[in-house]
2 protein chains.
Amino acid sequence: MTIEPELCKVEDALGILVGKWKPIILLHLMKHGTQRFSELKRNVPGITQKMLTKQLRELEDEDIIERVVYPQVPPKVEYSITEYGRSLDPILAAMHEWGTNHTIHKQQKLMKKTTEQSS
Amino acid sequence: MTIEPELCKVEDALGILVGKWKPIILLHLMKHGTQRFSELKRNVPGITQKMLTKQLRELEDEDIIERVVYPQVPPKVEYSITEYGRSLDPILAAMHEWGTNHTIHKQQKLMKKTTEQSS
DNA sequence: CTGTATCCTCCCTGATACTG
DNA sequence: CAGTATCAGGGAGGATACAG
């Protein structure tokens, strides 16, 4: 199969996954089904409130995740993957698998280089 | 299937595809098999020499593409996808398909919104 | 608890000129 | 032809404070 470069839609898909925290946020939501804002903040080490909000909004804008607000005090907001968002599953799985293999690939490359130098 | 967020390798794969011109460069090389530097520059509208060089180097560093220099004057350099780089094929194809569908999804969403407003 | 609002820094990208 | 060098702009991301 050949994708016509001029009609390339890869960048569109890429743009939606790109963002420092998006993959890990998606994986958490996929694993737990639903997470509150505070749960995500706790589960994603190092993220700030601002960035968590921003990345969630961007995913919501693309219909990948759903935001449900419970009108109560204190506030409660739950996030979850949408049915549509599930269509990203195979892509994320494929990327995870490729990434895992690539880590091994790089290690082998490094090993080879080190061996050559010490000889 | 559940990817453990803590062991997430999605970002590694993502990092390799990210770069303003990488997807289209890869698609051109996949389509034509081999391309000279000047051919790529001509085929990728808007790219500068500096960026083309940079993106190519990054892909080369990850063993996705191969660079062959012919020692002659004027210089001739050919780029091509490596055997290993071909392993990205299914991912790019999946992303292209998803992206194509997503474009439709967004159009439908926009249509709906417009219809609601005019009522 | 779930966000905004500012301010600030870094680095990706672009424009342009130069080189073997 | 196939690059490298330099300078500059903008936007993503981070720190911190404040708000409903």
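Letters A, B, ... mirror the listed sequences (proteins, then strands); counts begin at 1. No hydrogens, no waters, no symmetry mates; every other heavy atom, side chains included, goes into these values.
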Determine, using ring centers only, whether B/His102 and A/Tyr84 are less than 6.0 Å apart.
yes

Please round to 10 degrees the angle between the axis of the first five pairs and the axis of the last five pairs in the helix from C/dC1-D/dG20 to C/dG20-D/dC1.
40°

Determine, step by step, whether A/Met95 and A/Ile91 satisfy the side chain to side chain contact (heavy atoms under 4.5 Å, CB included) criterion, reporting the C-alpha distance in whole Å, the side-chain angles of both residues, the deciding distance to 0.1 Å, and the verdict.
CA-CA 6 Å; A/Met95 293 186 81; A/Ile91 292 178; 4.1 Å; yes

Table please: side-chain donor-acceptor pairs of residues 51-58 of chain B below 3.5 Å, with sequence neighbours left out.
from    : atom 1 : to      : atom 2 : distance (Å)
B/Thr53 : OG1    : B/Gln49 : O      : 2.9
B/Gln55 : OE1    : B/Trp21 : N      : 3.2
B/Gln55 : OE1    : B/Lys22 : N      : 3.4
B/Glu58 : OE1    : B/Lys22 : NZ     : 2.6

Hey, can you pull the residues of residues 25-54 of chain B with a non-hydrogen atom under 4.0 angstrom from DNA chain D?
B/Arg36, B/Phe37, B/Ser38, B/Gln49, B/Lys50, B/Thr53

Would you sort out whether A/Thr34 and A/Leu29 count as a side chain to side chain contact (heavy atoms under 4.5 Å, CB included), showing the intermediate values?
CA-CA 6 Å; A/Thr34 294; A/Leu29 292 179; over 6 Å; no

Nearest-nucleotide 5' precedence on DNA chain C, B/Pro75 against A/Val77
A/Val77

Under a 4.5 Å side-chain heavy-atom rule over Ile, Leu, Val, Met, Phe, Trp and Tyr, are B/Ile25 and B/Val69 clustered together?
yes

Does this structure show an ion pair linking B/Glu4 with A/Lys31, if we count only N-O contacts that are shorter than 4.0 Å?
yes

Span of DNA chain C in contact with chain B (heavy atoms, under 4.0 Å):
C/dT13 to C/dG20

Looking at every non-hydrogen atom in both residues, tell me the closest pair between B/Gly33 and B/Ser80 and how far apart they are.
O-CB, 3.2 Å

Which atom names give the shortest non-hydrogen contact between B/His28 and A/Pro5, and what distance separates them?
NE2-CB, 3.5 Å

Can you see which heavy atom on A/Leu17 is nearest to which on B/Leu14, and at what distance?
O-CD2, 3.7 Å

Can you list, by residue number, the residues of residues 57-73 of chain B that have a non-hydrogen atom closer than 4.0 angstrom to DNA chain D?
B/Arg57, B/Arg67

Minimum heavy-atom distance between B/Ile65 and B/Leu26, given as atom pair plus value
CG2-CD2, 4.0 Å

Assign each of B/Leu56 and A/Lys20 the nucleotide of DNA chain D bearing its closest heavy atom; nearer the 5' end lies the nucleotide of B/Leu56

Shortest non-hydrogen contact from A/Leu27 to B/Cys8?
CD1-SG, 3.4 Å

Does A/Gln72 have any side-chain contact (heavy atoms from CB on, under 4.5 Å) partners at least two apart in sequence or in another chain, and if so, which?
A/Tyr70, A/Lys76

To check you understand the geometry: which heavy-atom pair defines the closest contact between A/Thr103 and B/Lys9, and what is its length?
OG1-NZ, 3.5 Å

